[in-house]
Amino acid sequence: MKKLAVLLPTYNASPYLNESIDSILNQTFTDFDLYVYDDCSIDNTEEIISQYRDPRLFYRKNIENSGIAKTLNIGLEELLPQYEYIARMDADDWAYPERFQKQLDFLDKNQEISMCGTQGYWLKDINQNPTSGWKYPLNNDYIKCYLLFAATFNHQSIIFQSKFLIENSLRYDERITTCEDWEMWTRIVKVSKIVNLPDFLIKCRILPFSNHHSPLNKKKHLQERSKIISDYWANFNIALKPEQVYEYYYDTKVILKSEFVKKIKILIKIFNQLYKTSTNDLGLEEKKEFAYMLARKMLDYWKRSKVSRFDPMIWILIVKEVKFINKIKLLRSQIR
């Protein structure tokens, strides 16, 4: 069995494709094959690929436009039986030269890990070279909790252990069109350990009309997110309907104070329960970070409801009911 295959789906990304492919072909780890899966692009993608002479580069083209999830599954079906590991890459992003070497060194030494991501810089200008950035959580136990609120991985930085995906029949859900990765992670973390490395090994290009940033897809994206998160809350023995998730996480509808008080009590109760039952295995700093995140999620909902933030009754309610963070830090989190 070969060591590594790189799965790179593309659709009309020709302006960025050379940079992405070149960053992969110039990795310090060289024992891999790169497969570009073209989802029926109507630009000059095929012409760009044909100009490469690297024997590690393979081109596949769908017979019809199939969407990202199905294209990824087509790739997995072909590659999983042949390679020990499958790495993901996107057609508009860029990988640092040491990316594969660092991830494979880690995975070879930690065979219980089925999926490994890295940190990444999110940039409008991919030529920038930042020295620091916001980080995703590293450890499996923290990732389990964090997935309730964010996708938690740079999809294009992932490396899968093929054996694990095969044994558990894990593939992307083709019914999901905008956040198929998030949904996949919530299933993988149920049956295996997944981690992020602390290293920044990817540059992620911010495009205003990418799949889930597109104004046309925004509503659908938030609805799909809400369903995924709702299903995942059930793993913590907490029932939140997709409509409730959408309201607490994303809705900008103005509501009455009486309705807000009723709903913030529910949210506080849920967060208290979550923190009490699900953070025992977290480190001290992770617990602090997670508690602060929960407090900020409350504040975000409060702001979006347009209910007055100067109402003393609501402040008293919050201070009295919240149990997952100390009172001083709670007040600081709500004042900002």
Side-chain angles (χ1 to χ4, degrees), residues 3-10 13 16-17 19-29 32-37 68-69 71-72 75-76 79 83-110 113-124 126 128-140 142-143 146-147 150-162 164-165 170 172 179-186 188-189 192-207 210-213:
K3 186 71 171 181
L4 176 69
V6 185
L7 171 52
L8 189 158
T10 187
Y16 320 110
L17 195 54
E19 287 180 304
S20 179
I21 290 175
D22 290 346
S23 76
I24 296 301
L25 296 179
N26 290 317
Q27 291 286 301
T28 57
F29 177 87
F32 65 85
D33 293 321
L34 168 59
Y35 290 80
V36 177
Y37 286 85
I68 180 66
T71 300
L72 290 171
L76 290 177
L79 304 178
Y83 295 88
E84 185 178 355
Y85 297 108
I86 308 295
R88 276 281 290 109
M89 184 60 182
D90 279 349
D92 53 0
D93 296 320
W94 186 89
Y96 285 88
E98 65 274 19
R99 176 197 161 185
F100 291 162
Q101 190 67 64
K102 287 190 174 183
Q103 288 183 274
L104 291 173
D105 284 348
F106 176 84
L107 287 165
D108 284 343
K109 294 174 184 176
N110 299 274
I113 305 298
S114 65
M115 188 179 95
C116 173
T118 79
Q119 309 302 322
Y121 300 113
W122 289 88
L123 304 167
K124 292 182 179 179
I126 209 76
Q128 290 181 344
N129 292 299
T131 57
S132 62
W134 180 85
K135 284 190 174 185
Y136 284 123
L138 307 179
N139 300 318
N140 179 75
Y142 193 13
I143 286 170
Y146 208 89
L147 278 167
T152 316
F153 289 88
N154 290 305
H155 192 183
Q156 55 273 65
S157 78
I158 293 299
I159 293 185
F160 296 111
Q161 185 187 121
S162 297
F164 169 79
L165 293 189
L170 283 162
Y172 293 92
C179 43
E180 72 293 330
D181 53 342
W182 194 340
E183 192 278 335
M184 178 83 146
W185 314 155
T186 64
I188 291 177
V189 79
S192 181
K193 292 183 178 181
I194 57 181
V195 302
N196 278 308
L197 298 185
D199 310 83
F200 283 82
L201 299 176
I202 285 281
K203 290 182 182 180
C204 310
R205 194 187 304 266
I206 299 174
L207 296 172
S210 62
N211 189 25
H212 64 273
H213 285 113

Yes or no on side-chain contact (heavy atoms from CB on, under 4.5 Å) for Q103 and T118, after CA distance, side-chain angles and deciding distance? CA-CA 8 Å; Q103 288 183 274; T118 79; 3.4 Å; yes
Please assess R99 against I159 for the test side-chain contact (heavy atoms from CB on, under 4.5 Å), listing each intermediate value before the final yes or no. CA-CA 10 Å; R99 176 197 161 185; I159 293 185; 4.1 Å; yes
Please determine whether side-chain contact (heavy atoms from CB on, under 4.5 Å) holds for the pair W185 and I143, giving the CA-CA distance in whole Å, both sets of side-chain angles, and the decisive distance to 0.1 Å. CA-CA 10 Å; W185 314 155; I143 286 170; over 6 Å; no
Taking it one step at a time, do K203 and N129 satisfy side-chain contact (heavy atoms from CB on, under 4.5 Å)? CA-CA 9 Å; K203 290 182 182 180; N129 292 299; 2.8 Å; yes
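For F32 against V6, the heavy-atom pair with the smallest separation is CD1-CG2, 3.9 Å. Shortest non-hydrogen contact noted between A87 and F100 is CB-CE2, 3.9 Å. For F106 against C116, the heavy-atom pair with the smallest separation is CD2-SG, 4.2 Å. What you find for Y96 and F200 is that their closest heavy atoms are CD1-O, 3.6 Å. S162 approaches I86 most closely through the heavy-atom pair OG-CG1, 3.4 Å. Contact detail for F164 and L170: the closest heavy-atom pair is CE2-CD1, 3.4 Å.
Distance check: N139 CG to K193 NZ gives 10.0 Å after rounding to the nearest 0.5 Å. Put simply, CG on N154 and CD on Q119 are 7.0 Å apart, with the number rounded to the nearest 0.5 Å. Here CD of E98 is found 8.0 Å from CD of Q27. Values are rounded to the nearest 0.5 Å. Taking CG of L138 as the start and OG1 of T152 as the end, the distance is 12.0 Å to the nearest 0.5 Å. To the nearest 0.5 Å, atom SG of residue C204 and atom CG of residue D92 are 9.0 Å apart. Interatomic distance, L4 CG to F29 CZ, rounded to the nearest 0.5 Å: 6.0 Å.
Taking 4.5 Å as the limit, some side-chain heavy atom of L72 sits within range of a side-chain heavy atom of R88. Side-chain contact between N26 and P97 is absent, with no heavy-atom pair separated by less than 4.5 Å. Within the 4.5 Å cutoff, no side-chain heavy atoms of S157 are placed close to those of L201. Between M115 and F153 there is a side-chain heavy-atom pair separated by less than 4.5 Å. L207 places a side-chain heavy atom less than 4.5 Å from the side chain of Y16.
Using cut-offs of 30° and 60° for the angle between ring planes, the Y146 and W134 rings count as tilted. By the 30° and 60° cut-offs, the orientation of the rings of Y172 relative to H155 is tilted. Between Y35 and Y37, the angle of the ring planes stays under 30°, which puts this pair in the parallel group of the 30/60° scheme.
In this view, D22 satisfies the salt bridge (charged side-chain N to carboxylate O under 4.0 Å, His left out) rule with no residue, not counting sequence neighbours. With sequence neighbours excluded, the residues satisfying side-chain contact (heavy atoms from CB on, under 4.5 Å) with D105 are Q101. Residues satisfying the salt bridge (charged side-chain N to carboxylate O under 4.0 Å, His left out) test with K102, not counting sequence neighbours, are D199. In this structure D93 satisfies the side chain to side chain donor-acceptor pair (under 3.5 Å) test together with Q156, sequence neighbours excluded. D33 is linked by a side chain to side chain donor-acceptor pair (under 3.5 Å) to K2, Y83, counting only residues two or more places apart in sequence or in another chain. Applying the side-chain contact (heavy atoms from CB on, under 4.5 Å) test to S20 and every residue at least two apart in sequence or in another chain returns L8, M89.
Side-chain atoms of D108 and Y85 form a donor-acceptor pair, as typed in the model, at a separation below 3.5 Å.
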